[in-house]
Novice: 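The following block contains the structure, expressed as structure tokens.
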Amino acid sequence: MKHNLLIIEDDKIMRVTLTDYLRSKGHEVVACPLGKDGITVFHKEEFSLVISDVMLPDMNGLDILQNIKEKAPNAVVLIITAYGTIKDAVEALKLGAFDYITKPFALEEFNLIINRALEVKELRDENIRLKKNLSECFSFPNIIGDSPEMNKVYDLIGKVSKIDSTVLILGESGTGKELVSSTIHYQSDRKKGPFIKVNCAALPENLVESELFGVEKGAFTGADRRKPGRFERADKGTIFLDEIGDLSVGVQTKLLRVLQDGSFERVGGTQTLKVDVRVITATNKDIEKEVQEGGFREDLYYRLNVIPIRMPALRDRKEDISPLIDSFLANYNCTFGKKATLSSEVITDLFDYDYPGNVRELKNILERLVGLASSDVITTDSLPKHVAKQRGKTRTTVSLAEVAAEAEKGHIMRTLKSARGNKTRTAELLGISRKTLWEKIKLFDIEKKKAGSGSSR
Ligand SMILES: Nc1ncnc2c1ncn2[C@@H]1O[C@H](COP(=O)(O)OP(=O)(O)OP(=O)(O)O)[C@@H](O)[C@H]1O
Ligand SMILES: [Mg+2]
């Protein structure tokens with residue numbers, strides 16, 4: 001099928017090569033060397049797909065991505081990154097890129113990704129049915145994973161939900177910080193109150209203050225009416241300040257005061273307001289380093305860091321990969337009305353991969369695999385290249401038997417948990433004898449990992 005494609009790439013040879021190649025496949029192509037022009041063109045015409053480089057002379061490709069996704073959330077954007085800039089790739093996924101491709105790449109590889117992206121675009125376009133399903137399938141998102149690392153997180157969530165202390169959630173991108181913050185709110189006594197999220201990095205610096213604390217009429221040009229801030233809206237509830245490491249020093253000072261006594265003034269106002277708000281913050285930056293280097297106020301850091309929750313990277317808790325796959329597979333099968341399963345090779349490759357984008361990346365991969373599945377069994381051909389590329393690197397250290405053992409262990413731990421540690425019931429549920437269950441518990445070192453939780457009946 002013929003599609004309208006937009007390429008934003010300053011390197012002339014690359015731009016012309018990709019344009020010619022895509023035209024030879026029968027597509028219409030508009031190519032721009034500058035980001036600014038690319039965005040203008042995007043808003044004038046309909047495009048099935050945008051392919052953008054990251055390093056452009058006038059703009060960063062990630063800003064282009066953000067701009068496009070804000071105005072057209074369904075747009076499918078593919079980002080071209082330079083070799084070794086995995087950070088950009090992770091950021092691109094977070095901002096909603098469909099995928100990334102690393103330079104240099106072969107045209108066949110490019111073609112594969114383009115075809116997948118176009119299929120996704122078609123899926124997104126027949127979206128009304130899917131959207132309805134999506135909300136049904138994902139209506140109760142819960143946190144998946146039964147690794148010892150995640151059990152520590154659950155413990156902390158349980159404890160902090162009962163009190164009002166400020167929580168700082170730390171961890172790499174895609175590890176579930178936002179998910180944890182909302183879980184804390186909805187398990188706390190404030191659950192009937194508002195849960196207000198603020199992404200501090202997404203707001204321009206001059207707007208952060210008025211967004212957070214509100215603004216009086218006439219405070220600055222454009223402030224034509226009084227507007228309450230997010231703190232006021234969060235009264236009796238929880239405010240989640242995401243990407244806290246990006247706050248300017250001026251706003252940090254105001255924030256410190258709200259944390260001290262709940263009081264603040266609107267921008268341009270003199271009246272002091274008081275609110276009853278629980279504050280949860282998160283960052284994927286090394287905030288302690290920012291404090292040492294003077295970019296973040298030390299006193300504020302201590303106020304925020306009353307209870308830290310550190311989200312473990314997915315690569316450090318590989319046993320969670322299998323239950324996450326099961327859950328996302330079931331959800332996307334529901335969303336897309338499919339019955340797809342994964343071949344054992346796909347499971348092995350997914351297990352071997354190291355997920356720089358953590359759970360978000362795994363979730364994206366599953367969405368794509370299931371959404372695009374043309375038969376019931378998904379094979380390795382459908383895997384993104386960078387996932388399959390890991391093959392062989394770690395294969396010598398992780399055998400299929402080990403993957404199966406991890407899955408078995410995870411399943412036993414989950415069943416034990418659902419049976420509240422009752423081994424007779426667990427053995428029944430698993431369809432094995434009590435003796436076999438005992439042997440497996442010993443083999444997988446489960447009791448040690450779960451020490452302190454559950455009974456040992
Ligand atoms: N343990 C988990 N179980 C199920 N889904 C998860 C889990 N962790 C993360 N997710 C899902 O992965 C996606 C990314 O999670 P989330 O937005 O909470 O990450 P984050 O740590 O806030 O990332 P960032 O630093 O990039 O903002 C979400 O769709 C979330 O629902
Ligand atoms: Mg987040």
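All figures in this text were calculated on a predicted structure; none of them were measured in a lab. Atoms within a ligand are numbered from 1 in the order they appear, just like the ligands themselves.
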Novice: Could an N or O of ligand 1 be found under 3.5 Å from any N or O of Asp242, whether backbone or side chain?
Specialist: no
Novice: Give the atom numbers and elements of ligand 1 that come within less than 4.0 Å of a heavy atom of Ile144.
Specialist: 1 (N), 2 (C), 3 (N), 4 (C)
Novice: Quick test of your reading of the model: are Asp242 and Lys177 salt-bridged, counting only N-O distances below 4.0 Å?
Specialist: no
Novice: Is it the side chain (CB and beyond), the backbone, both or neither of Thr175 that lies under 4.0 Å from ligand 1, heavy atoms counted?
Specialist: both
Novice: Are Gly145 and ligand 1 in contact, using a heavy-atom cut-off of under 4.0 Å?
Specialist: no
Novice: Does Lys121 have more than 12 heavy atoms from other residues, nucleotides or ligands lying within 6.0 Å of its NZ?
Specialist: yes
Novice: Below a 4.0 angstrom heavy-atom separation, can you tell me which part of Glu178, side chain or backbone, both or neither, approaches ligand 1?
Specialist: both
Novice: Should the pair Lys285-Glu243 be classified as a salt bridge under the 4.0 Å nitrogen-to-oxygen rule?
Specialist: no
Novice: When only distance counts, is Leu179 in polar contact with ligand 1, meaning an N/O pair under 3.5 Å?
Specialist: yes
Novice: Considering distance alone, does some N or O of Arg317 sit under 3.5 Å from an N or O of ligand 1?
Specialist: no
Novice: With rounding to the nearest 0.5 angstrom, report the NE2 to CD1 distance, His43 to Ile68.
Specialist: 6.5 Å
Novice: With heavy atoms under 4.0 Å as the rule, classify the contact between Phe240 and ligand 1 as side chain, backbone, both or neither.
Specialist: neither
Novice: Can you establish whether the number of heavy atoms outside Glu46 located under 6.0 Å from its atom CD is more than 12?
Specialist: no
Novice: Rounded to the nearest 0.5 Å, how far does CD1 of Ile239 lie from OG1 of Thr166?
Specialist: 11.5 Å
Novice: Would you say Gly174 has any N or O atom under 3.5 Å from an N or O of ligand 1, going by distance alone?
Specialist: yes
Novice: I'd like to know if Asp189 pairs up with Arg278 as an ion pair, taking the criterion as any Lys NZ or Arg NE/NH1/NH2 lying under 4.0 Å from an Asp or Glu carboxylate oxygen.
Specialist: no
Novice: Can you tell me if Asn142 contacts ligand 1 (heavy atom of the residue under 4.0 Å from the ligand)?
Specialist: yes
Novice: Take a 6.0 Å sphere around CE of Met14 and say whether it holds more than 12 heavy atoms from other residues, nucleotides or ligands.
Specialist: yes
Novice: Within the structure, is a non-hydrogen atom of Leu324 found at a distance of less than 4.0 Å from ligand 1?
Specialist: yes
Novice: When you look for heavy atoms under 4.0 Å from ligand 1, do you find them on the side chain of Lys363, its backbone, both, or neither?
Specialist: side chain
